[in-house]
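Remarks on the structure that follows.
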Amino acid sequence: MAGAVVRHYLTTRFMDSETTKCKISYSLHSHTRSPYSLPLFHNKYETRRVVALMNGCEGDPKPPVGSIETRTLTAVPSPSKAMERLNVAIRELKCNPPPLTSGILRLQVPIEEQIEAIEWLHAQHDNLPRCFFSGRRSRANGNGSNLLMDIGNGNGDTSFTHNLVGAAGVGSAVFFQQLHPFSYHDWRSIKRFLSAKCPLIRAYGAIRFDATANISPEWKAFGSFYFMVPQVEFDELEGSSMLAITIAWDNAFSWTWDEAIHSLETTMQQIASVVVKLKKESSGESILNKTHVPNKTHWDLAVKKALQEINTSSSQLVKVVLARSSRILTATNIDPIAWLACLQVEGEDAYQFCLQPPNGPAFVGNTPERLFHRKWLSISSEALAATRARGESSDLDLQIEHDLLSSPKDHLEFTVVRENIQNKLEASFLPISQFVNLLSVCDRVVVEPKKTVRKLRRIQHLYAQLSGNLRREDDENEQLAVFEILSSLHPTPAVCGLPREAARLFISETEMFDRGMYAGPVGWFGGGESEFAVGIRSALVEKDSGALVYAGTGIVEGSNPSSEWDELELKTSQCTKLLQLEVPKQAKVENLEIIY
C-alpha cells in the first residue's frame with residue numbers, strides 16, 4: 001500500500017569543522033500562521049536525497065506480522081564498541097535476509113557502564129525524528145519507576161534483569177500517525193508490531209488533548225497522534241546501558257526488507273558514538289521577551305465566565321481547567337534536549353519526555369502526573385490536583401501543607417478528580433465491534449492513600465493512588481481493555497474538568513490557542529506493558545522561534561482569578577527559571593568528560 005510510505009526531503013549541513021559530522025534537518029511545510037502560533041523557521045539548504053518511512057496506520061491491522069524477535073548480542077564496554085558490533089550485525093543481516101514478507105527485529109548490545117540516555121540523545125544533535133522517555137525516580141532509592149525489564153532473546157529465555165531508567169531514540173523503524181482521533185483500529189495497528197516476548201520493542205508517542213479541535217500550524221507535524229518505534233535506541237539501565245537497532249518491514253505497506261535496511265544504514269551513518277557528559281549549569285542568559293495567551297485581563301474574564309457557568313443552577317459544569325500559553329524568546333536558540341536535561345534536575349519523582357517528528361518542533365516536558373501504568377493484568381493510576389508552593393523553611397512548608405489539606409476549595413477540586421478516575425476504572429464498556437463482548441475493566445479498584453500531599457521541588461499537590469486488576473477473558477478483550485483505559489481516563493478532570501464533555505466544550509469556546517499535545521497522554525505502548533503520563537509542565541520548542549510554555553489550573557466554586565493566575569506562574573516557573581540566571585538553563589559543556 002503506497003500510502004503507508006511517507007517521504008521527507010532530507011537536507012544536510014556540516015556543523016562541526018573538527019568532525020565534519022552531518023546534522024539532519026527537514027524542510028517544513030508552509031502554513032498560514034495563526035496569531036498565536038509559533039513563527040515557522042525554514043532551513044535553506046540543498047536537498048540531497050529522499051528518505052522514506054513506514055506509517056503503520058495505513059494498512060490492515062488484522063494480519064499479524066511474520067516475526068517479532070529480539071536478539072541480544074555480547075556485552076561491550078562502551079557505546080563506540082556497541083556501534084561497531086551493530087554495524088557488523090547489519091552487514092550480516094544484508095547477506096542473510098529473512099524469508100518473510102513482514103516482521104520486526106531488534107538487535108541489542110548491552111554496555112557495561114551506565115550512561116545517561118539524555119546525554120546520548122544530546123550527542124546525536126538534530127537527528128530526527130527523536131524521542132525520549134524517563135520513568136519517575138524514587139527519592140528513596142533513585143531507581144526508575146515501574147520499569148523492571150527482563151532482557152533476553154525474545155523467546156522467554158532471559159539472561160539478566162535490570163531497571164530501565166530512561167530510553168532515547170532516533171529515526172523510526174515504523175511510525176503511527178493520522179489526522180483523525182486515535183481509534184481502536186490505530187491501537188491494533190501499533191499492537192501488531194509488539195509482543196510480550198520482546199518487552200523493549202515499544203512505540204513512544206503522544207496524543208492530542210482534544211482530537212476534535214482544529215490543529216494549528218505549530219502542531220501540524222504531530223497530527224492527531226504520533227508514535228514511533230525508534231530505529232536506533234539507547235536504554236539507560238540501572239548499573240548499565242544498552243544500544244539497540246530495530247528493523248520493521250511489511251511488503252503489504254510497500255516497505256520491503258531491503259528498504260528498511262537501507263533506511264537504517266542511513267540513520268546509523270548519522271549516529272555519534274562519542275557521548276559527552278553534560279554539566280547542567282546556567283549559561284547566564286535571560287529571557288528577552290515573554291507574552292501570554294490569554295493576557296491577565298482576558299484570563300480574569302475567562303475565569304469569571306467559568307465561575308458564572310459553574311454557579312448557574314441549570315448548568316452541569318462542576319469544574320473546568322483553563323490553560324495559558326506563554327511564548328518565550330531568548331537571545332540564542334533553546335536546545336530542547338539540553339533544556340530537558342536541566343529539567344531532570346528539577347524533576348525528581350517526575351517523568352521527563354521529548355517527542356519530535358521529522359518535520360516539526362520538539363514537545364518536551366517534566367510532568368509529575370501518571371495517567372496509567374499497566375503491566376500484564378495490573379493497572380495503576382493517580383489523582384493529582386490542587387497546588388501550593390513549597391515553603392522556604394520546614395515550618396512554613398508544613399504550614400502550607402496543612403492549609404492545602406484543610407482547604408474546602410482544594411478538597412473539592414481533588415475529590416472530583418479522584419472519584420472520576422475510580423469510576424472510570426470500575427466502569428463497564430459497551431462492545432465496539434461484533435468481535436468484542438461487554439467488558440468490565442477492573443475487578444476491584446483500591447485507593448490508597450485516599451488523600452495525602454505530594455511534594456515536588458517547587459510545588460506540592462493533593463494526591464491519591466489507585467490500583468486494580470484487569471479482567472482477562474481473551475486476547476481481544478485484553479487488547480480492548482488497554483485501549484479503553486487510555487480513551488476513558490483521558491482527559492481526566494485534572495486537565496479538562498467535569499463533566500468531561502461540558503468542560504471540553506467550554507474550553508474549546510473560551511481558549512484562544514491550540515493545546516496540541518499539552519495535557520494529552522504521552523508515553524509508550526509495549527507488548528505486555530504500557531505507561532502514560534499526562535503531558536503537563538510542558539513546552540513546544542522550535543529553532544529560531546523560542547518556546548511555547550503551557551500551564552493550566554482548575555476552576556471550581558470558590559476560585560479566584562488572581563490566585564489562579566499566580567498558580568499558572570508557579571507551574572511555569574520550573575521551565576522559565578531554567579532559562580534565566582537562576583539554576584540552570586542550558587546544559588553547559590565544560591571540562592569535557594568523554595565516554596568512549
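Values in this document were obtained by computation on a predicted structure and should not be read as measured data. Hydrogens, waters and symmetry mates are skipped; everything else that's a heavy atom, side chains included, is used.
The main-chain N or O of Q124 is found under 3.5 Å from a side-chain atom of N127 such that the two form a donor-acceptor pair. Proximity of a side-chain donor or acceptor of W219 to a complementary backbone N or O of M517 within less than 3.5 Å is not detected.
Ion pairing between K409 and E564 holds under the 4.0 Å rule for side-chain N and carboxylate O. Comment: E401 does not engage R388 in a salt bridge, judged by the lack of any side-chain N to carboxylate O separation of less than 4.0 angstrom. The pair E233-R106 counts as a salt bridge, with a side-chain nitrogen and a carboxylate oxygen less than 4.0 angstrom apart. With respect to the salt-bridge test (charged N to carboxylate O, under 4.0 angstrom), the residues R324 and E567 do not qualify.
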Verdict with reasoning, R515 to D210, per salt bridge (charged side-chain N to carboxylate O under 4.0 Å, His left out): CA-CA 8 Å; R515 290 191 181 189; D210 184 359; over 6 Å; no

Evaluation steps, side chain to side chain donor-acceptor pair (under 3.5 Å), between Q114 and E236: CA-CA 6 Å; Q114 182 174 351; E236 178 188 349; 3.2 Å; yes

Candidate pair I400 and R390, rule side-chain contact (heavy atoms from CB on, under 4.5 Å), full reasoning: CA-CA 7 Å; I400 294 171; R390 294 296 304 271; over 6 Å; no

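Here CZ of R370 is found 12.0 Å from CG of L489. Values are rounded to the nearest 0.5 Å. Within the model, atoms CG of N366 and OG of S134 stand 9.5 Å from one another, a figure rounded to the nearest 0.5 Å. Atom CG of D300 and atom CG of N560 lie 8.5 Å apart (nearest 0.5 Å). To the nearest 0.5 Å, atom OG of residue S487 and atom NZ of residue K424 are 9.0 Å apart. Note: R374 CZ to S380 OG = 12.0 Å, rounded to the nearest 0.5 Å. A distance of 9.0 Å separates CD of Q356 from CG of L540, quoted to the nearest 0.5 Å.
Crowding of N295 atom CG: a count of heavy atoms from other residues, nucleotides or ligands under 6.0 Å exceeding 12.
The ring-ring contact (aromatic ring centres under 6.0 Å, His included) with F363 is formed by just one residue from the set F209, F133, Y204, F353; it is F353. Checked options D235, V276, V275; the residue passing with W120 is V275 (criterion: side chain to side chain contact (heavy atoms under 4.5 Å, CB included)). Considering F222, F525, W524 in turn, F525 is the only one that fulfils the ring-ring contact (aromatic ring centres under 6.0 Å, His included) rule with F227. The one candidate from E369, E531, R537 that meets the side chain to side chain donor-acceptor pair (under 3.5 Å) condition with Y351 is E531.
Shown here for W187 and F483, the closest heavy-atom pair between the two residues is CD1-CB, 3.6 Å.
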